[in-house]
J.: 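This is the structure, below, for whatever I ask next.
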2 protein chains.
Amino acid sequence: MPRPTKQSPERGDARTRLLEAARDVIRQKGFAATSVDDLCQSAGVTKGAFFHHFKTKDALGVAAANYWAETTSALFAGAPYHKPDDPLDRVLAYLDFRKGIIGGETFEYTCLVGTMTQEVHDSAPAIRDACAASIFGHAATLEADIEAARAQRGIDAEWTAESLARHTQAVLQGGFILAKATGDSDLARESVDHLIRYVRGLFGLDVEPQTSTTREN
Amino acid sequence: MPRPTKQSPERGDARTRLLEAARDVIRQKGFAATSVDDLCQSAGVTKGAFFHHFKTKDALGVAAANYWAETTSALFAGAPYHKPDDPLDRVLAYLDFRKGIIGGETFEYTCLVGTMTQEVHDSAPAIRDACAASIFGHAATLEADIEAARAQRGIDAEWTAESLARHTQAVLQGGFILAKATGDSDLARESVDHLIRYVRGLFGLDVEPQTSTTREN
DNA sequence: TACTACATACCGACCGACCGGTATGTATGT
DNA sequence: ACATACATACCGGTCGGTCGGTATGTAGTA
């Protein structure tokens with residue numbers, strides 16, 4: 001009987017290791033293409049451990065989305081872009097921060113919940129809702145700074161802070177898709193650059209069009 | 001032997017019907033979650049017909065991406081946004097056209113190749129490349145108008161036409177993700193509105209920030 | 001301290017359903 | 001007659017999920 005007396009290393013954290021494996025493997029292969037065995041192997045646990053912690057594969061999907069929401073919330077909450085006193089500077093620092101963390105391998109910088117949303121939006125409402133909560137919850141953390149910047153500068157905008165916050169997430173998600181299409185993270189950063197230029201323009205910073213011959217036209 | 005003498009309706013177009021089924025079903029369920037049997041049932045053909053026309057499921061994925069590229073090329077080539085004499089008007093008319101065709105059910109307006117890219121970018125290079133060719137091939141059709149608009153207006157830009165064309169696709173793809181997250185196509189249109197505002201700003205059209213008290217500041 | 005009772009965490013063999021793909025046969029047009 | 005375009009049956013393998021069992025830790029009791 002091949003019962004290994006040597007128990008698994010770090011007993012008790014199988015759940016976390018599965019969630020971390022899900023975070024990385026699903027970003028590489030997608031949710032449907034990732035098997036439970038894939039996750040167990042990547043996490044170094046057995047199938048029994050998997051179904052001890054998660055009732056179904058879908059339940060793991062929900063848990064992975066929630067884990068993503070928690071960990072990214074902590075990451076952004078502790079990021080330095082909150083430092084500036086000027087709210088607009090905070091918004092621009094946020095965008096710069098987002099741009100800065102794009103790089104390396106695709107599975108390292110792309111968004112788990114964006115990936116899962118795309119796949120399961122029509123077939124697994126529970127996962128989709130958990131993903132949506134993560135995306136829009138994060139967007140909501142931008143809203144206050146955007147609105148404060150708008151009010152402070154007296155911008156009489158046709159757009160709302162809520163809408164612009166959502167748009168930033170759309171641009172990021174779209175940039176990730178282009179990056180995946182070519183395997184080049186530059187394409188994601190490129191779209192963030194356009195987004196930064198857009199936001200600066202909305203707030204009247206120096207992005208007015210310049211003619212090559214004259215600045216008046 | 002339950003061999004139905006009644007042959008399938010419209011013999012000879014099984015391939016096209018499979019491609020159309022793939023276009024719609026994959027947009028709903030994703031590529032990996034769509035089985036060959038799903039496609040056959042949706043197309044009203046048998047598994048034999050499927051493997052007669054496509055060597056593997058992946059080969060269908062490539063063919064579906066190419067079919068998507070062909071049909072959308074035809075759609076955009078025949079669209080009315082090419083009419084204006086002014087190249088910038090054509091660009092803005094394109095964006096308006098894109099906005100106008102967003103609506104209804106998710107699987108009716110979202111992008112097949114964007115969806116597939118997200119899923120298979122790391123595991124099926126052939127499909128990914130076919131998707132990338134569709135996305136960037138379409139972006140390239142915008143490049144001429146954008147560059148013409150830039151040259152005509154003498155804009156001394158920090159961005160390239162190629163980059164802006166790619167960004168339009170990123171915004172659309174990202175908008176689709178947000179729309180899928182909530183089931184509401186308004187979110188996709190909302191991001192296109194931001195994109196339109198951005199492009200207008202790049203070309204000096206009336207989107208300068210307005211303070212609520214005065215237009216000078 | 002020693003023993004019991006019990007919950008939690010985990011193991012891995014196993015199951016039935018389903019998957020992509022194949023083998024083989026047949027209807028139809030030329 | 002022959003090639004093309006299908007249909008049907010089926011295979012080997014993989015999938016998500018189940019289940020009986022076993023370590024391990026903890027609380028209670030005496």
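Every chain is numbered from 1, with letters handed out A, B, ... down the list of sequences. Keep in mind it's a predicted model, so treat the numbers as computed, not measured.
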J.: Using whole Å, report how far CZ of F50(B) lies from C1' of dA7(D).
T.: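 Atom CZ in F50(B) sits about 16 Å away from atom C1' in dA7(D).
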J.: Heavy atom of residues 20-39 of chain A under 4.0 Å from DNA chain C: which residues?
T.: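 Nucleic-acid contacts, sorted: none.
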J.: Without placing hydrogens or testing angles, list every side-chain donor-acceptor pair under 3.5 Å for residues 108-117 of chain B, not counting sequence neighbours.
T.:
from: E108(B); atom 1: OE1; to: E105(B); atom 2: N; distance (Å): 2.7
from: T110(B); atom 1: OG1; to: T106(B); atom 2: O; distance (Å): 3.0
from: T115(B); atom 1: OG1; to: C111(B); atom 2: O; distance (Å): 3.0
from: T115(B); atom 1: OG1; to: K180(B); atom 2: NZ; distance (Å): 3.1
from: T117(B); atom 1: OG1; to: V113(B); atom 2: O; distance (Å): 2.6

J.: On a plain distance test, is the side chain of K47(A) in donor-acceptor contact with the base of dG16(D) below 3.5 Å?
T.: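 Answer is yes: a donor-acceptor pair is held.
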J.: Please report the distance, rounded to the nearest Å, between CD in Q41(B) and C1' in dC18(C).
T.: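 Value for this atom pair: 14 Å.
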J.: Round to a whole Å and report the spacing from CG of D58(B) to C1' of dG20(C).
T.: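 Rounded to the whole Å, the gap is 10 Å.
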J.: Does one side chain, of Y94(B) or R98(B), offer a donor that lies under 3.5 Å from an acceptor on the other?
T.: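 Yes.
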J.: In whole angstrom, what separates L60(A)'s CG from dG17(D)'s C1'?
T.: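 Rounded to whole Å, this separation is 14 Å.
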J.: Please tabulate, one pair per line, all N/O donor-acceptor pairs under 3.5 Å involving side-chain atoms of residues 60-69 of chain B, not counting sequence neighbours.
T.:
from: N66(B); atom 1: ND2; to: V62(B); atom 2: O; distance (Å): 3.4
from: Y67(B); atom 1: OH; to: E20(B); atom 2: OE2; distance (Å): 3.3

J.: Quickly work out the R15(B) CZ to dT4(D) P distance and round it to whole Å.
T.: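 In whole Å, dT4(D) P lies 15 Å from R15(B) CZ.
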J.: In whole Å, what is the span from the CG atom of L18(B) to the P atom of dG21(C)?
T.: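 About 14 Å, once rounded to whole Å.
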J.: What's the closest nucleotide to the A49(B) side chain, out of dC10(C), dC11(C), dA7(D)?
T.: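 So the nucleotide nearest the side chain must be dA7(D).
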J.: Can you check the K55(B) NZ to dA23(C) P distance for me, whole Å?
T.: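 After rounding, the gap between these two atoms is 12 Å.
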J.: Where the side chain of A14(A) is concerned, which of dA7(D), dC10(C), dG20(C) is the nearest nucleotide?
T.: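 Nearest listed nucleotide: dC10(C).
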J.: Return the value, rounded to whole Å, for the distance between atom CZ of F51(B) and atom P of dA23(C).
T.: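 Nearest whole value for this atom pair: 12 Å.
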J.: According to salt bridge (charged side-chain N to carboxylate O under 4.0 Å, His left out), who are the partners of K57(B), at least two apart in sequence or on a separate chain?
T.: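 By the salt bridge (charged side-chain N to carboxylate O under 4.0 Å, His left out) rule, K57(B) matches no residue at all.
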J.: Among residues two or more places apart or on two chains, list those pairs meeting salt bridge (charged side-chain N to carboxylate O under 4.0 Å, His left out) that have a residue in residues 160-174 of chain B.
T.: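 Qualifying pairs, neighbours excluded: E190(A)-R166(B), E162(B)-R166(B).
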J.: Under 4.0 Å from OP1 or OP2 of dA9(C): is there any side-chain N or O of H52(A) that close?
T.: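 So the side-chain polar atoms of H52(A) do come within 4.0 Å of the phosphate oxygens OP1 or OP2 of dA9(C), strictly under.
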J.: Can we say K99(A) and D96(A) salt-bridge, meaning some charged N sits less than 4.0 Å from an Asp/Glu carboxylate O?
T.: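 So K99(A) does not pair with D96(A) through a salt bridge.
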J.: The criterion is side chain to side chain contact (heavy atoms under 4.5 Å, CB included); which residues satisfy it with D86(B), sequence neighbours excluded?
T.: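 Applying side chain to side chain contact (heavy atoms under 4.5 Å, CB included) to D86(B) gives L88(B), D89(B), Q152(B), R153(B).
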